[in-house]
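Numbering of ligands and ligand atoms starts at 1, following listing order.
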Amino acid sequence: MTTPIMGDGLPAPLLEMLGDEYQVFPWDTSEGSEALSTCLGVITYGHPGVDGSLMDRMPNLRVISNHGVGVDHIVVADAHDRRLPVGNTPGCLDDATADMTMALLMASARNVVIGDHFARGPEFTHYDPSILIGHEVTGSTLGIVGMGRIGKQVAKRARAFNMKILYHNRSRDEGAEEELGVAFRSLDDLLKESDFVALNCPLTEETTGLIGKAQFELMKPSATLINMARGPVVVTDDLYETLKTGRIRSAALDVTDPEPLPRDHSLLTLENLVIAPHLGSASHRTRQRMLEMTVQNLAAGLAGQSLPYPVLPK
Ligand code: DGY
């Protein structure tokens, strides 16, 4: 007997891990969908939306297992109202996401992407010490918005660059201040003082639209914004205007709103933007662990056991 589950574009290694025990239905939310009437479990892979109305159309649903830590695409309160456990993959991706935060920060500061294009092109005919001069990372000020697990890993890396590290969080974290030498600031003060602002917070009601025109106005003209959180934390149109007019030096985005941006989106024309296709946790080791945790949550939920990595009610 196989257990029917629904999943969107599950990759071969995940299907292999699931093995013969499961029958995987493709994501189909249309009227009369066999997947909805049959499946006992859901794997959200690549952020398909799941809300109460979808849950209500799945009479046999026992568990929602999310591949990834961010669950903003799932209405978790709706799941808990229906006594459905939701699992995610916290912790295992902190290092990879912090590495990528630093990679984007460095790439933007030191013109790595634009330099790569230039070095491949016909205009690079001789070494010219006056081109593509960037912003020195060592010794500069980093403002981290969100001092959670990932934010703390970013702070650890920034210490090695001898950076002054500020942070803003819903609540002060005196443990982090002591351990990592980070200093708490209001969001406004963090924006005013930082050379680099790294967004490492979850997407919630409070963080949606957190960085828009008014916040960009506070930032240094030489500053760089790095968004490793979720696209909607930043107001896309305001970011475009800010970069276009040179109000801040640059931005580096792992996530956008919408994601992906339409191929002809004006942001994609800007040279002071470095952009990646949501690669925060995309290292082999981390992705392997995420798959394992996803399957463990699924199996526990199907067996009626507590999930090893549950998303708890707020
Ligand atoms: C996460 O873990 O939230 C990543 O963004 C991948 O979903």
Side-chain angles (χ1 to χ4, degrees), residues 6-14 17 27 41-51 63-77 79 85-105 144-154 157 169-170 198-208 210-211 225-234 236 251-261 274-298 307-312 314:
M6 185 167 85
D8 191 19
L10 306 189
L14 178 52
M17 254 182 226
W27 201 265
V42 157
I43 292 182
T44 45
Y45 184 88
H47 303 180
V50 179
D51 61 9
V63 59
I64 300 166
S65 179
N66 183 58
H67 176 269
V69 69
V71 287
D72 45 279
H73 50 293
I74 300 170
V75 185
V76 175
V86 179
N88 68 344
T89 65
C92 69
L93 42 70
D94 302 346
D95 281 323
T97 307
D99 288 353
M100 187 67 183
T101 307
M102 295 309 285
L104 285 183
L105 185 156
I144 302 174
V145 178
M147 190 45 66
R149 285 180 302 252
I150 297 171
K152 288 187 178 122
Q153 290 302 329
V154 173
R157 285 151 179 77
N169 203 43
R170 259 179 320 179
L199 305 178
N200 292 106
C201 53
L203 177 65
T204 62
E205 262 173 39
E206 297 80 51
T207 62
T208 300
L210 187 71
I211 307 294
L225 178 78
I226 301 115
N227 188 2
M228 292 300 298
R230 285 288 187 261
V233 176
V234 177
T236 302
L253 307 178
D254 190 45
V255 288
T256 57
D257 178 29
E259 187 173 298
L261 291 168
V274 172
I275 185 164
H278 201 138
L279 296 180
S281 57
S283 74
H284 287 297
R285 189 172 60 193
T286 293
R287 283 288 161 87
Q288 172 67 19
R289 187 67 194 125
M290 288 167 72
L291 295 180
E292 288 162 5
M293 292 167 80
T294 304
V295 174
Q296 287 164 8
N297 277 329
L298 177 78
L307 306 197
Y309 313 104
V311 179
L312 298 172
K314 286 229 172 92

Worksheet item: Do the side chain of Asn200 and the main chain of Gly146 share a donor and acceptor less than 3.5 angstrom apart?
Response: no
Provide, line by line, the atom pairs where ligand 1 and the protein bring an N/O atom each to a distance under 3.5 Å; else say none.
unit_1, atom_1, unit_2, atom_2, d
ligand 1, 2 (O), Val69, N, 2.7
ligand 1, 3 (O), Val69, N, 3.4
ligand 1, 3 (O), Gly70, N, 2.8
ligand 1, 3 (O), Arg230, NH2, 2.8
ligand 1, 5 (O), Arg230, NH1, 2.8
ligand 1, 5 (O), Arg230, NH2, 3.4
ligand 1, 5 (O), His278, NE2, 2.6
ligand 1, 7 (O), His47, NE2, 2.6

Practice prompt. Identify the heavy atoms of Leu291 and Pro13 that sit nearest to each other, and give their distance.
Written response: CD1-CB, 3.9 Å
Worksheet item: Under 3.5 Å, is there a donor-acceptor pair linking the side chains of Gln153 and Arg157?
Response: yes
Response to the item:
Rounded to the nearest 0.5 Å, the NE2 atom of His67 sits from the NE2 atom of His47 at a distance of 9.0 Å
Item to complete: Check each of Leu253, Leu225, Ile226 against Leu199 using the side chain to side chain contact (heavy atoms under 4.5 Å, CB included) test, and report the only one that passes.
Response: Leu225
Practice prompt. Using the test side-chain contact (heavy atoms from CB on, under 4.5 Å), find all partners of Pro310 that sit at least two apart in sequence or belong to another chain.
Written response: Leu307, Leu312
